[in-house]
Amino acid sequence: MSNEPRKESLRYLFERVVTPLGYKFTPDAELVDELLEAEVKLEQDLGAPYCPCQGRSGVREEDMKIVCPCIPFHRAHFDAMKRCWCGLFVHLDVTDPDSLPQFPPDED
Amino acid sequence: MIDEVFVYALSTCPWCRKTKQWFDDSRIEYEAVDVDKLSGDEQDAAADKAYELSGGRRFPVVVINGEVVVGYNPDKFLQHLRSWGGGGG
């Protein structure tokens with residue numbers, strides 16, 4: 001069964017959440033497709049579209065903070081990187097997402 | 001000069017894959033584990049180790065000659081690689 005319909009609905013939902021936060025989908029369309037595919041599978045396996053690049057603790061309250069889009073829970077960190085951790089979303093003014101390094105919150 | 005490199009990764013994470021690719025392209029040997037592909041106690045032990053090393057739950061977690069780099073950050077990788085003139089920890 002194709003995951004495309006669910007990926008399209010996630011794309012539609014996420015856009016409405018992240019735009020007011022000053023973020024957009026990364027211009028890297030291939031990465032968007034790969035990450036949405038991973039999220040749909042995580043949703044099918046674990047019940048929610050978790051961030052594909054963060055580990056789950058098993059504690060629901062904690063794990064809800066990495067359900068995509070998780071920007072509100074990591075705002076200062078992501079603003080410092082101008083991207084979210086998995087790179088699905090970048091700041092509205094970003095045109096070259098490959099130039100944005102990943103670094104943990106205590107290294108900004 | 002031999003570098004000791006270990007990558008804690010998630011199979012769902014493109015940046016974990018890019019990290020392994022970077023070391024492959026740089027012809028640097030490394031060990032890696034996809035934590036989410038393990039199970040039971042083995043998974044718990046690997047996950048706990050990654051979280052202890054990184055202080056969070058973000059992947060990839062890369063240990064280079066004892067130094068920890070969290071995220072796909074080639075500039076940081078180079079800083080710790082002896083074979084590339086890095087500090088080497």
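Here is how names work: the chains are called A, B, and so on, in the same order as the sequence lines, proteins then strands, and each is numbered from 1. Reckoned from all heavy atoms, side chains included, excluding hydrogens, waters and symmetry mates.
Shown here is E8(A), whose CD atom has more than 12 heavy atoms of other residues, nucleotides or ligands within 6.0 Å. More than 12 heavy atoms of other residues, nucleotides or ligands lie within 6.0 Å of CD in Q44(A), so this atom counts as buried by the packing criterion.
The SG atom of C53(A) sits 9.5 Å away from the CZ atom of R17(B) when rounded to the nearest 0.5 Å. Atom CG of residue L10(B) and atom CD of residue Q54(A) lie 9.5 Å apart, to the nearest 0.5 angstrom.
Looking only at heavy-atom pairs under 4.5 Å with chain B, the residue among G87(A), S57(A), G58(A), P101(A) that has the most is S57(A).
At least one donor-acceptor pair closer than 3.5 Å links the side chain of Q102(A) to the backbone N or O of Y72(B). A donor-acceptor distance shorter than 3.5 angstrom exists from the side chain of W15(B) to the backbone of C86(A), with no hydrogens or angles considered.
With hydrophobic clusters built from ILVMFWY side chains whose heavy atoms lie under 4.5 angstrom apart, F23(B) shares a cluster with L78(B). In the hydrophobic clustering of this structure, V35(B) does not group with Y50(A); members are Ile, Leu, Val, Met, Phe, Trp, Tyr whose side-chain heavy atoms approach within less than 4.5 Å, directly or through other members. Criterion: ILVMFWY side-chain heavy atoms under 4.5 Å apart, direct or through other members. Under it, L38(B) and L53(B) are part of a common hydrophobic cluster. With hydrophobic clusters built from ILVMFWY side chains whose heavy atoms lie under 4.5 angstrom apart, L21(A) does not share a cluster with V67(A). When hydrophobic clusters are built by joining Ile, Leu, Val, Met, Phe, Trp and Tyr residues whose side-chain heavy atoms come closer than 4.5 Å, directly or via intermediates, F59(B) is grouped together with L31(A).
In this structure, no portion of I66(A) lies under 4.5 Å from any heavy atom of chain B.
Residues P52(A) and T12(B) come closest through the heavy atom pair O-OG1, 2.6 Å. Considering every non-hydrogen atom in both R58(B) and H77(A), the closest pair reads NE-CE1, 3.7 Å. When all heavy atoms of P104(A) and V70(B) are compared, the closest pair comes out as CD-O, 3.5 Å.
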